[in-house]
Amino acid sequence: MRLDKYLKVSRLIKRRTVANEACDAGRVLINDKIAKASADVKEGDIIIIAFGNKEVKVEVLSVQETVRKEEAKELFRYL
């Protein structure tokens with residue numbers, strides 16, 4: 001799955017356009033490498049998102065096309 005779509009589906013970032021902008025600005029890393037919005041996300045990947053002076057680090061547990069809001073937290077685990 002594309003990185004921008006995963007960020008939206010997992011609700012780490014609310015909108016896909018915002019996820020795209022974060023990737024373009026170099027604020028999203030997959031396995032310690034700067035990632036483009038089109039980068040492929042798979043289970044076991046470590047995603048780091050820089051929000052201003054705060055960083056969010058998660059491990060991808062599952063990749064699904066669609067998921068209900070309540071179940072979105074099960075797609076990743078905070079590190």
Side-chain angles (χ1 to χ4, degrees):
M1 179 186 286
R2 286 175 55 106
L3 174 59
D4 57 348
K5 183 167 183 184
Y6 179 80
L7 292 174
K8 179 196 167 292
V9 169
S10 65
R11 311 253 189 330
L12 283 166
I13 296 181
K14 298 284 184 237
R15 278 185 236 103
R16 195 162 173 177
T17 52
V18 176
N20 262 311
E21 290 165 7
C23 293
D24 291 344
R27 295 196 317 255
V28 182
L29 292 87
I30 296 181
N31 300 327
D32 294 327
K33 294 187 183 84
I34 293 176
K36 293 185 176 177
S38 60
D40 202 37
V41 175
K42 52 196 176 304
E43 292 177 24
D45 283 347
I46 305 295
I47 299 175
I48 300 171
I49 309 165
F51 291 108
N53 59 358
K54 189 179 125 201
E55 260 189 5
V56 175
K57 187 173 183 180
V58 298
E59 178 186 357
V60 177
L61 299 177
S62 174
V63 177
Q64 297 175 20
E65 289 294 316
T66 57
V67 67
R68 294 201 343 259
K69 187 178 178 182
E70 304 81 46
E71 297 164 357
K73 293 178 190 71
E74 296 167 17
L75 295 179
F76 61 89
R77 163 172 73 97
Y78 287 106
L79 299 174

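Only this structure's heavy atoms are used, side chains among them; waters, hydrogens and symmetry mates stay out. All values reported here derive from a predicted model rather than from experimental measurement.
- For the atom pair CG (Leu29) and CG (Leu3), the distance works out to 10.0 Å, reported to the nearest 0.5 Å.
- In this structure a side-chain-to-backbone donor-acceptor pair under 3.5 Å is missing from Arg15 to Ile13.
- Expressed to the nearest 0.5 Å, how far OH of Tyr6 lies from CD of Gln64 amounts to 9.0 Å.
- A continuous path of Ile, Leu, Val, Met, Phe, Trp and Tyr side chains, each step under 4.5 Å between heavy atoms, connects Ile49 with Val58, placing both in one hydrophobic cluster.
- Under the salt bridge (charged side-chain N to carboxylate O under 4.0 Å, His left out) criterion, Glu59 pairs with Arg77, not counting sequence neighbours.
- At most 12 heavy atoms of other shown residues, nucleotides or ligands fall within 6.0 angstrom of atom CG in Asp32.
- The structure places CG of Asn20 at 4.5 Å from CG of Asp4, a figure rounded to the nearest 0.5 Å.
- We find the CD-CG distance between Glu55 and Leu79 to be 11.5 Å, quoted to the nearest 0.5 Å.
- The side-chain heavy atoms of Lys57 and Ile46, taken from C-beta on, include a pair separated by under 4.5 Å.
- Residue Ala37 comes nearest to Cys23 through the heavy atom pair N-CB, 3.6 Å, listed as atom of the first residue, atom of the second, then distance.
- Transitive grouping of hydrophobic side chains (ILVMFWY, heavy atoms separated by less than 4.5 Å) brings Val9 and Ile30 into a common cluster.
- Taking CZ from Arg2 and NZ from Lys8, the interatomic distance works out to 13.5 Å, rounded to the nearest 0.5 Å.
- Contact record, Tyr78 with Val56: CE2-CG1, 3.7 Å, taken as the closest heavy-atom pair.
- A heavy-atom distance below 4.5 Å is found between the side chains of Asp45 and Lys42.
- A salt bridge is defined here as a Lys NZ or Arg NE, NH1 or NH2 lying under 4.0 Å from an Asp or Glu carboxylate O, and Lys5 with Glu65 meets this definition.
- The minimum heavy-atom distance linking Ala72 with Ser10 is given by the pair CB-O, 3.8 Å.
- Here Leu7 contributes atom CG and Ile47 contributes atom CD1; the two are 5.5 Å apart, rounded to the nearest 0.5 Å.
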